[in-house]
Amino acid sequence: MKKKVLLMGKSGSGKTSMRSIIFANYIARDTRRLGATIDVEHSHVRFLGNLVLNLWDCGGQEAFMENYFASQRDNIFRNVEVLIYVFDVESRELEKDMHYYQTCLEAILQNSPSAKIFCLIHKMDLVQEDQRDIVFRDREDDLVRLSKPLQCACFKTSIWDETLYKAWSSIMYQLIPNVQELETNLARFAEIINADEVLLFEKATFLVISHNERRKHKDIHRFEKISNIIKQFKLSCSKVAASFQSMEVRNNCFAAFIEVFTSNTYVMVIMSDTSIPSELTLINIRNARKHFEKLEKLDKNRLNAGRQWRV
Amino acid sequence: MFKLVNMKYILTIKDFFNVQNHKQKSSKQMESHEGFGVSVGSMPKAAFSYHGEDDDQIATVLSSDVKPRILLMGLRRSGKSSIQKVVFHKMSPNETLFLESTAKIFKDDVSNNSFINFQIWDIPGQVDFLDTNFDLDMIFGGTGALIFVVDAQDEYIDALTCLHQTVSKAYRVNPQIRFEIFIHKVDGLSDDHKIETQRDISQRANEELHEAGLTDLHLSFYLTSIYDHSIFEAFSKVVQKLIPQLSTLENLLSSYVQNSMVEKAFLFDVVSKIYIATDGSAVDMQSYELCCEMIDVMIDMTCIYGDDESECACEQDSTCIIRLNNSSILYLREITRFLVLVCILRDEAFTKRGIIDYNILCLQKAIHSVFDVRTKLNKPNGVLPVEGMNSIGHLANSTNA
């Protein structure tokens, strides 16, 4: 099932860097090497196995932008599922940025009116920490206002911290077809094994795609932090030509288990009852694995069956 | 045997001679002894808790084996404060761009959170303190190691001149100081260029010393950068030279490694990710980096899910097991509040986990007796120290701020 995701924004705003970090296992520092994107770069990203994201990374230089709105308009803006528009927070041409953005929205309204719009205010690391919220709120208000009648969701991001993962996680979440079913099953699983929390990560990108919380936790940003942590570790492992299969962190207050789950996901289980031996939790996870594999297969078949009926 | 007790070292030499009065003085009073410079970290209430107030404990404080200080010197903008922040305060290297020039000598006492009972003195580069009224005897007298930072991306002729002056002056005051030269900011250089720069700098520096007649002076050179693990590796080597118990620890680790079929073992200081000791086999940089990353993961996860309000002064028994797909396992176990043991072993070896765990228990006891660190700090008036909360759980991690 292919879903078209457009990634647009001015030249140098950070689109290719973001994409490289999330989908191509770059670390933030490596993105320095990236050059300007010429015209449109297509990439197909397998996400959750049965989902293929058709990512259109549209070069932001003026010549290309003009082209998109003129001759390539229909080609680019048709059948769009998601539009991700990237704004460089340090840009000195705010008017121009907004103008391009609005032109994009017009094209979307004409060709794919049901597309979901996400606006990323990027490079927030260049703003002083105490100013970040204020700056972001300002931009968000402007964008929401300008986007009408379409609705947009705004995020502040930076490749140097976990905000990148939060934004992309939310975007991916919108794209997963059976997310409700996944969540119900996860809830049952968490209940049975008496876990504090269960998280489901997509294997390649380590974005959180589903979670169940049985015990309140005060840190609302923990999901993206964990994505960031694990992703960093994964990248370090790749330097020694290895990848990690499982992780267990425990002390006398909690125990965290990260295990390979289905062919496209990892699961993280948090237990606060440390008297339960690790092996018990691991056995439970192993047994649940079979159930979730079946779920994924069912889903795949459902989607394939659906496809047969499409003209 | 020298017993490294959990106490802060004193700032000035004259305090060494006031040791008899320490027991009576409260920690508050000692703060006024700061000679010059900006704030030191807050004094923990357990500052002078001697474990058993016997006289030989006090005598060891006075012994000249005690080297409580590491100096960070170099020209301005060479990277001294950045190094200190990244290694000991968990600052992300990117954030060091925002650090301002150091105006006064910054005395950083890291023994609060770290096993390393040293003070790191960050000496501002723009102040030519060699010819002002700074008490050189006092500064160099109590110093164990002098780290001179040279910016490899800049013209280093001036740095070499300054290096020569500093090193000769320091050597005259205290010939026991170990001189470590960090050839810094090498992340931008190619491998060949790095080797060439190191060769050039070491040749020039040694030549100058030779000409000045200081042939006994030995300089060690390290290629470092805050953007990778080389700075931690270099600092590890510097610190290891200053720990008197190093050979004992190495022997303990070697014997542990042999008996547990472990491939490699490191004893890390959790906060700074400096390794205090390792077993006899060679250190592979990649393994070291992987272990550092594992410690990061463990600390970050503990920060998120660990219990913040933990009042217990005892250790938290942190454990971390990471299985890799190449049949290797990374195994981390807490040894003391500040030290963790990180082992790299194979899948098959880990099936005998019971034996490994038992060996770790023995190792732990041995290390404890080497340092005589007790899990519960005993204060004479029975009050639990505020800093009894586990420092592993409390580390704020700036990469995830």
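Per chain, numbering begins at 1; letters A, B, ... match sequence-line order. Note: hydrogens, waters and symmetry copies are ignored here, and every other heavy atom, side chains too, is used.
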**OP:** Please test B/Asp317 against A/Asn251 for side-chain contact (heavy atoms from CB on, under 4.5 Å), starting from the C-alpha separation and ending with a verdict.
**Re:** CA-CA 5 Å; B/Asp317 287 331; A/Asn251 66 15; 5.6 Å; no

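- Between A/Met268 and B/Met301 there is a side-chain heavy-atom pair separated by less than 4.5 Å.
- Interatomic distance, A/Asn252 CG to B/Glu334 CD, rounded to the nearest 0.5 Å: 8.5 Å.
- Looking at A/Ala242, both its backbone and its side chain come within 4.5 Å of chain B, counting heavy atoms on both sides.
- Per-residue counts of heavy-atom pairs under 4.5 Å with chain A were compared for B/Leu324, B/Asn325, B/Leu290; the largest is that of B/Asn325.
- Applying the 6.0 Å contact sphere to CD of B/Gln153 captures more than 12 heavy atoms from other residues, nucleotides or ligands.
- In this structure, the portions of B/Tyr227 lying under 4.5 Å from any heavy atom of chain A include both its backbone and its side chain.
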**OP:** Kindly determine whether B/Ile322 and A/Ser246 satisfy side-chain contact (heavy atoms from CB on, under 4.5 Å), including the steps that lead there.
**Re:** CA-CA 6 Å; B/Ile322 297 182; A/Ser246 75; over 6 Å; no

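- With rounding to the nearest 0.5 angstrom, the CD atom of A/Glu248 is 4.0 Å from the CD1 atom of B/Ile321.
- Contacts of A/Gln128 with chain B are absent, with no heavy-atom separation under 4.5 Å from either backbone or side chain.
- If you measure heavy-atom distances from A/Met271 to chain B, you find no contacts under 4.5 Å at all.
- Counting heavy-atom pairs under 4.5 Å between each of A/Lys239, A/His221, A/Gln232, A/Arg222 and chain B puts A/Arg222 at the top.
- Looking at A/Asp125, only its backbone comes within 4.5 Å of chain B, counting heavy atoms on both sides.
- Distance alone, capped at 3.5 Å, places no donor-acceptor pair between the A/Asp219 side chain and the B/Ile304 backbone.
- With sequence neighbours excluded, the residues that form a side-chain hydrogen bond (donor to acceptor under 3.5 Å, both in side chains) with B/Lys185 are B/Asp151.
- The distance from the CZ atom of B/Arg323 to the CD1 atom of A/Ile258 is 14.0 Å, given to the nearest 0.5 Å.
- Proximity to chain B is limited to the side chain of A/His217, based on heavy atoms less than 4.5 angstrom apart.
- Most heavy-atom pairs under 4.5 Å with chain A: of the set B/Leu332, B/Asn326, B/Asn94, this distinction falls to B/Asn94.
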**OP:** Test side-chain contact (heavy atoms from CB on, under 4.5 Å) on A/Met247 and B/Met294 and set out the steps.
**Re:** CA-CA 10 Å; A/Met247 218 185 265; B/Met294 173 155 119; over 6 Å; no

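- Looking at B/Glu289, the atoms closer than 4.5 Å to chain A (heavy atoms on both sides) all sit in the side chain, from C-beta outward.
- Within a 6.0 Å sphere centred on CZ of A/Arg188, heavy atoms belonging to other residues, nucleotides or ligands number 12 at most.
- For B/Leu330, the part lying under 4.5 angstrom from a heavy atom of chain A is the side chain only.
- Note on ring orientation: taking the six-membered ring where Trp is involved, the planes of A/Phe254 and B/Tyr305 are tilted (angle from 30° to 60°).
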